[in-house]
Amino acid sequence: MKRIMLTISYDGTAYSGWQIQSGRETIEGVLNRCIFELTGERVEVIGASRTDAGVHALGNIAVFDTDSSIPAEKFSYALNRGLPEDIRIQAAKEVDGTFHPRRCESRKTYEYRIYNAPFSLPVKRLYAYFTYVPLDTELMRRGAAYLVGEHDFKSFCSVDTQAKTTVRRLDSIEVKEEKGAAGGREIVIQVAGRGFLYNMVRIIAGTLIEVGRGQIPPERVKDILEVCDRQAAGPTAPACGLTLVGYEFL
């Protein structure tokens, strides 16, 4: 028996998130099915990040155990032949049998993309949140600065969370601006940390969008953190703008 680690990219538009759900197509379900078709083994992959419905990934991590004679590094080629075009294995390798992607020191980096222009672009609709209201990125940066470090992020977490603690540490958060097509611009909120709560990045994005619109003063972000009340923060930004862009072991 050997444990294989996969680096997986996917367009999450057509899926109900990572985790298996009865009657719904998910990334985990497709991977399990494809591995069975390849090896004949019933496996359950273990993912590093259980992304929500509609969320994308450039490099999520998953492991599974197999008795297959296929060389570890060849699993990427073999699985990609059976996977749909919106899911691709970028790399495969053998890891220690005790390795668990959610029980090791690691850092995840997410990006939330916003397309800011007078009119939407159809090619952006699945990968960025559109708003025609001009956003002040300097105000967004000032608000974001209060979120760096270790805090109780209960205000930035779905009320449905089952986490034992809502304390998390953000290593960095940047608000970057890129020139977009057709005269628009793309604003990218990049967040890196050791762990995230349910909907945490999307609520951070929704709050910073309100800051950029002038609806929430940047200084109030500190108060929102301190009150530990989900109703104090901004809305949960749509899933389409969120991508897991990196996962690194520390």
Taking every non-hydrogen atom, the tightest pair across [X] and [Y]:
{"X": "Pro238", "Y": "Tyr112", "result": "O-OH, 2.7 Å"}
{"X": "Ile87", "Y": "Asn80", "result": "O-OD1, 4.5 Å"}
{"X": "Ala205", "Y": "Ile189", "result": "CA-CD1, 3.9 Å"}
{"X": "Gly82", "Y": "Cys34", "result": "C-SG, 3.8 Å"}
{"X": "Ser120", "Y": "Pro122", "result": "O-CD, 4.0 Å"}
{"X": "Ser76", "Y": "Ala92", "result": "N-CB, 3.8 Å"}

Restricting to side-chain hydrogen bond (donor to acceptor under 3.5 Å, both in side chains), what partner residues turn up for [X], sequence neighbours left out?
{"X": "Arg142", "answer": "Glu219"}
{"X": "Ser106", "answer": "Tyr247"}
{"X": "Gln190", "answer": "Glu111"}
{"X": "Lys108", "answer": "none"}

Going by the rule side chain to side chain contact (heavy atoms under 4.5 Å, CB included), which residues pair with [X] if we only count those two or more places apart in sequence or in a different chain?
{"X": "Ser155", "result": "Ile224, Val227"}
{"X": "Arg33", "result": "Glu25, Val30, Glu37"}
{"X": "Arg102", "result": "Ile46, Arg50, His100"}

Roughly how far apart are [X] [atom1] and [Y] [atom2], rounded to 0.5 Å?
{"X": "Leu38", "Y": "Ser68", "atom1": "CG", "atom2": "OG", "value": "6.0 Å"}
{"X": "Asn199", "Y": "Thr236", "atom1": "CG", "atom2": "OG1", "value": "5.0 Å"}
{"X": "Tyr115", "Y": "Arg185", "atom1": "OH", "atom2": "CZ", "value": "11.0 Å"}
{"X": "Thr166", "Y": "His151", "atom1": "OG1", "atom2": "NE2", "value": "12.5 Å"}
{"X": "Leu244", "Y": "Phe196", "atom1": "CG", "atom2": "CZ", "value": "9.0 Å"}
{"X": "Glu150", "Y": "Asp171", "atom1": "CD", "atom2": "CG", "value": "10.5 Å"}

Checklist entry - Can you tell which of Lys176, Lys179, Lys124 makes a side chain to side chain donor-acceptor pair (under 3.5 Å) with Glu186? => result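 Exactly one pass, corresponding to Lys124.
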
Ring pair (Phe, Tyr, Trp, His ring centres under 6.0 Å) partners for [X], two or more places apart:
{"X": "Tyr127", "value": "His56"}
{"X": "Tyr146", "value": "none"}
{"X": "Tyr10", "value": "none"}

Indicate yes or no for a side-chain donor-acceptor contact from [X] to the backbone of [Y] under 3.5 Å, with no hydrogens or angles considered.
{"X": "Thr207", "Y": "Gly234", "result": "yes"}
{"X": "Asn32", "Y": "Val45", "result": "yes"}
{"X": "Asn60", "Y": "Ser49", "result": "yes"}
{"X": "Gln21", "Y": "Ser16", "result": "yes"}
{"X": "Tyr15", "Y": "Arg24", "result": "no"}
{"X": "Gln90", "Y": "Ser9", "result": "no"}

Item to check | Residues in salt bridge (Lys or Arg N to Asp or Glu O under 4.0 Å) contact with Glu73, at least two apart in sequence or another chain | outcome: none

Checklist entry - Once the angle between the rings of Phe130 and Tyr132 is folded into 0 to 90°, is it parallel (under 30°), tilted (30 to 60°) or perpendicular (over 60°)? => result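 Because their plane-to-plane angle lies in the 30° to 60° range, the rings of Phe130 and Tyr132 count as tilted.
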
Item to check | Side-chain H-bond candidate by donor/acceptor type, Thr131 with Arg213, under 3.5 Å | outcome: yes

Checklist entry - With a 3.5 Å cut-off and no angle check, do the side chains of Arg202 and Ser158 form a donor-acceptor pair? => result no

Checklist entry - What do you reckon, is CD of Glu178 surrounded by more than 12 foreign heavy atoms closer than 6.0 Å? => result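 Yes.
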
With a 4.5 Å limit on heavy-atom distance, are the side chains of [X] and [Y] in contact?
{"X": "Arg230", "Y": "Ile203", "answer": "yes"}
{"X": "Ile173", "Y": "Leu208", "answer": "yes"}
{"X": "Trp18", "Y": "Leu31", "answer": "yes"}
{"X": "Leu170", "Y": "Met200", "answer": "yes"}
{"X": "Thr243", "Y": "Arg113", "answer": "no"}
{"X": "Ile61", "Y": "Thr7", "answer": "yes"}
{"X": "Leu6", "Y": "Leu79", "answer": "yes"}
{"X": "Lys2", "Y": "Thr66", "answer": "yes"}

Item to check | Apart from Met1 itself, residues in the same hydrophobic cluster as defined by side-chain heavy atoms under 4.5 Å | outcome: none

